[in-house]
Amino acid sequence: MTSPPTAGTFTLDGRQVEFREGESVLAAARRQAIDIPSLCYDDRLEAFGGCRLCAVSVKGVNGFPASCTTQAQPDMEVETRTPELDDLRRTLLAMVVSENSSERLAVDPLRGLASQELQEAVTELKPDLDRFKGATSGSSRPDDENPFILRDYDLCISCYRCVRVCAEQEGDYAITVAGRGFGTRISVEFDGHLRDSSCTFCGQCVQTCPTGALADRKAMRFAQIEDPVQSPGKKGKRK
């Protein structure tokens, strides 16, 4: 499959960057290996600017628009890192972590492909993790004993990537958003177990989760094996 043709160039952090027709500032930046933090973005999904961490400064535009929902335009001048933007991101991250548990930011990378994203953002921006500390939302489901997906919702930040990838990419609609306000949580039909839902255990929700709230139980079990498993085709050396 060929890539869409270049639609023009814009200025990003002082350098000229090419963009494609309909491409967002965030997508164009990431193609150029320019990192803009984000927690709700998955390039397989339509961006909706929920977490606001990808905010940028655009010359002539008031405020700080989300780069994932801002289309690149010819001659646009964008800055991704300024003192004001970093202050904004630190505040937003502190609010996100208040929904989480700051004591559990470090999770096993084997939980999933994107499981380190929140921790990496915190390590880079160093927000005050106690600034909004208080009650947390979300509740883990240790009673869901399916062998594939751990539902550790104490780590959930309500980015909704899992819900959206299940619906928009897999078409399963197995998980959904339940409740409202501070009581909002990720759930399945009748607040039950995954094996009783339409879940096919494809693992896409696990791989998109940026905090490890959803985890690959099979990978984690494998990591707990103390001694390497010897291949049936290999024999140990004789002493």
Side-chain angles (χ1 to χ4, degrees), residues 38-51 53 93 95-122 132-226 229:
S38 177
L39 289 173
C40 69
Y41 181 75
D42 183 320
D43 60 11
R44 297 171 296 172
L45 307 173
E46 184 176 352
F48 74 117
C51 72
L53 277 182
L93 265 180
M95 294 174 70
V96 166
V97 173
S98 74
E99 287 289 297
N100 191 284
S101 172
S102 59
E103 291 78 20
R104 294 190 61 202
L105 284 174
V107 298
D108 192 328
L110 289 175
R111 283 193 170 222
L113 185 66
S115 63
Q116 307 301 296
E117 287 185 14
L118 176 59
Q119 182 188 10
E120 289 170 355
V122 168
F132 302 107
K133 196 168 186 177
T136 58
S137 63
S139 180
S140 291
R141 294 298 304 266
D143 59 315
D144 192 334
E145 297 179 348
N146 77 82
F148 303 112
I149 298 176
L150 174 67
R151 300 168 68 193
D152 191 2
Y153 292 140
D154 289 339
L155 301 179
C156 179
I157 59 172
S158 299
C159 67
Y160 306 144
R161 281 163 64 170
C162 60
V163 174
R164 298 181 66 217
V165 79
C166 183
E168 296 175 28
Q169 287 294 304
E170 298 302 316
D172 291 332
Y173 297 89
I175 50 181
T176 187
V177 180
R180 62 197 316 181
F182 197 72
T184 301
R185 67 192 188 281
I186 306 301
S187 183
V188 301
E189 301 116 50
F190 306 109
D191 204 23
H193 296 171
L194 283 175
R195 62 188 174 188
D196 299 323
S197 73
S198 57
C199 178
T200 60
F201 296 100
C202 67
Q204 291 302 315
C205 59
V206 172
Q207 298 308 329
T208 195
C209 179
T211 68
L214 295 172
D216 185 337
R217 275 185 160 144
K218 186 175 180 181
M220 294 172 70
R221 284 198 302 270
F222 181 79
Q224 293 169 1
I225 298 175
E226 295 183 1
V229 179

The test is side-chain contact (heavy atoms from CB on, under 4.5 Å); show your working for C209 and R111 and say whether it passes. CA-CA 9 Å; C209 179; R111 283 193 170 222; over 6 Å; no

Considering only heavy atoms from C-beta outward, does the side chain of [X] approach that of [Y] to under 4.5 Å?
X: R185; Y: D191; value: yes
X: D216; Y: L110; value: no
X: V96; Y: V122; value: no
X: H193; Y: R141; value: yes
X: L113; Y: T208; value: no
X: Q116; Y: V107; value: yes

Side-chain donor/acceptor of R221 to backbone N/O of P147, under 3.5 Å: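 Confirmed, R221 side chain pairs with P147 backbone.
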
Please report the interatomic distance CD1(I186) to SG(C159), rounded to the nearest 0.5 Å.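 It is 7.5 Å, given to the nearest 0.5 Å.
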
May I ask you to check whether over 12 heavy atoms, not counting those of F190, lie within 6.0 Å of atom CZ?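 No, not enclosed.
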
Go through L39 and L93 one step at a time and tell me if the side-chain contact (heavy atoms from CB on, under 4.5 Å) criterion holds. CA-CA 10 Å; L39 289 173; L93 265 180; 4.1 Å; yes

Salt bridge (charged side-chain N to carboxylate O under 4.0 Å, His left out), that's the test. Do D152 and R104 meet it? Break it down for me. CA-CA 11 Å; D152 191 2; R104 294 190 61 202; 2.5 Å; yes

For Y173 versus A167, what's the shortest heavy-atom pair and its separation?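 In terms of heavy atoms, the two residues are closest at CE2-CB, 3.4 Å.
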
Pick out which of V206, I149, N146 makes a side-chain contact (heavy atoms from CB on, under 4.5 Å) with R217.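 So, applying the side-chain contact (heavy atoms from CB on, under 4.5 Å) to R217 and each of V206, I149, N146, only N146 qualifies.
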
